[in-house]
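To keep things clear, I will list the structure first and then write my remarks on it.
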Amino acid sequence: MMKEYKKIGVYLLAICLIFALTACNDSEADEFTSLRSFEYHFIPEEYEEEYSEYEKVITLEADTDYQFKVDTTCESGTIEISLTYENAEEKMYIVNSSAPCNDKINIPANTTETACFSITIVPETKGDVAVEVLTR
């Protein structure tokens, strides 16, 4: 009789464990997933005035949360990065050798239809800009 109670206890414990693990998996729905990315690499030897400013416009879908991961390093010169939303909100970063940028920018669903990244460099700029676009 005692062995049957132990078996029942083990089965109940296993069922509780399975439910607990299933509940943990629901949190994955709140995580962002990578949609696309873009990168720029700058070196002074390839600088041309007409290419000192770059612009990347990204169309955003309604009912989708967006996150932009901005990772920028600069060995020399400066890199100015701005993200402008359609409603004129702006995030701006000035990156140089003593101030790298590693930031996440969240744009909630239905905030805007477009986001525009602008990147400006100077002749002595040597550095990299990487932006990953994530959604959920």
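Just so you know, these numbers come straight off a predicted model, no measurement behind them.
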>> Show every salt bridge (Lys or Arg N to Asp or Glu O under 4.0 Å) that has at least one partner inside residues 55-67, sequence neighbours left out.
In response: Asp65-Arg136

> Which side-chain hydrogen bond (donor to acceptor under 3.5 Å, both in side chains) pairs, counting each pair once, include a residue from residues 35-47, with sequence neighbours left out?
Replying inline: Glu39-His41, His41-Asp128, Tyr47-Glu49

> Can you name the residues that form a side-chain hydrogen bond (donor to acceptor under 3.5 Å, both in side chains) with Asn106, not counting sequence neighbours?
Replying inline: Gln67

>> As a quick check of understanding, evaluate ring pair (Phe, Tyr, Trp, His ring centres under 6.0 Å) for Phe38 and Tyr54, giving each step before the final call.
In response: CA-CA 12 Å; Phe38 54 93; Tyr54 297 83; over 10 Å; no

>> Filter on salt bridge (Lys or Arg N to Asp or Glu O under 4.0 Å), then keep only pairs touching residues 106-122, sequence neighbours left out; what's left?
In response: none

> Excluding sequence neighbours, so at least two apart, what forms side-chain hydrogen bond (donor to acceptor under 3.5 Å, both in side chains) with Ser98?
Replying inline: Asn96

> In Å and rounded to the nearest 0.5 Å, what is the SG to CD1 distance from Cys101 to Ile94?
Replying inline: 11.5 Å

> Is the shortest heavy-atom distance from the side chain of Ile81 to the side chain of Val70 under 4.5 Å?
Replying inline: yes

> How many angstroms lie between atom CZ of Phe42 and atom SG of Cys74, to the nearest 0.5 angstrom?
Replying inline: 9.5 Å

> Got a second to check how far Leu83's CG is from Ile58's CD1, nearest 0.5 Å?
Replying inline: 7.5 Å

> Under the side-chain hydrogen bond (donor to acceptor under 3.5 Å, both in side chains) rule, what pairs show up with a residue in residues 68-84, not counting sequence neighbours?
Replying inline: none

> Does any pair with a residue in residues 56-81 pass ring-ring contact (aromatic ring centres under 6.0 Å, His included), and if so which ones, sequence neighbours excluded?
Replying inline: Phe68-Phe117

> Does anything in residues 116-127 pair up under side-chain hydrogen bond (donor to acceptor under 3.5 Å, both in side chains), and if so which pairs, sequence neighbours excluded?
Replying inline: none

> Sequence neighbours excluded, which residues qualify as side chain to side chain contact (heavy atoms under 4.5 Å, CB included) partners of Glu48?
Replying inline: Glu50, Tyr51

> Can you list the residues that meet the side-chain hydrogen bond (donor to acceptor under 3.5 Å, both in side chains) rule with Ser34, with sequence neighbours excluded?
Replying inline: Glu132

> Are Thr33 and Thr135 close enough that some pair of their side-chain heavy atoms sits under 4.5 Å apart?
Replying inline: yes

>> Applying side-chain contact (heavy atoms from CB on, under 4.5 Å) to Ile105 and Tyr85, what does each step give before you reach the verdict?
In response: CA-CA 11 Å; Ile105 305 163; Tyr85 310 16; 3.5 Å; yes

>> Can you list everything that forms a ring pair (Phe, Tyr, Trp, His ring centres under 6.0 Å) with Tyr93? Sequence neighbours excluded, please.
In response: none

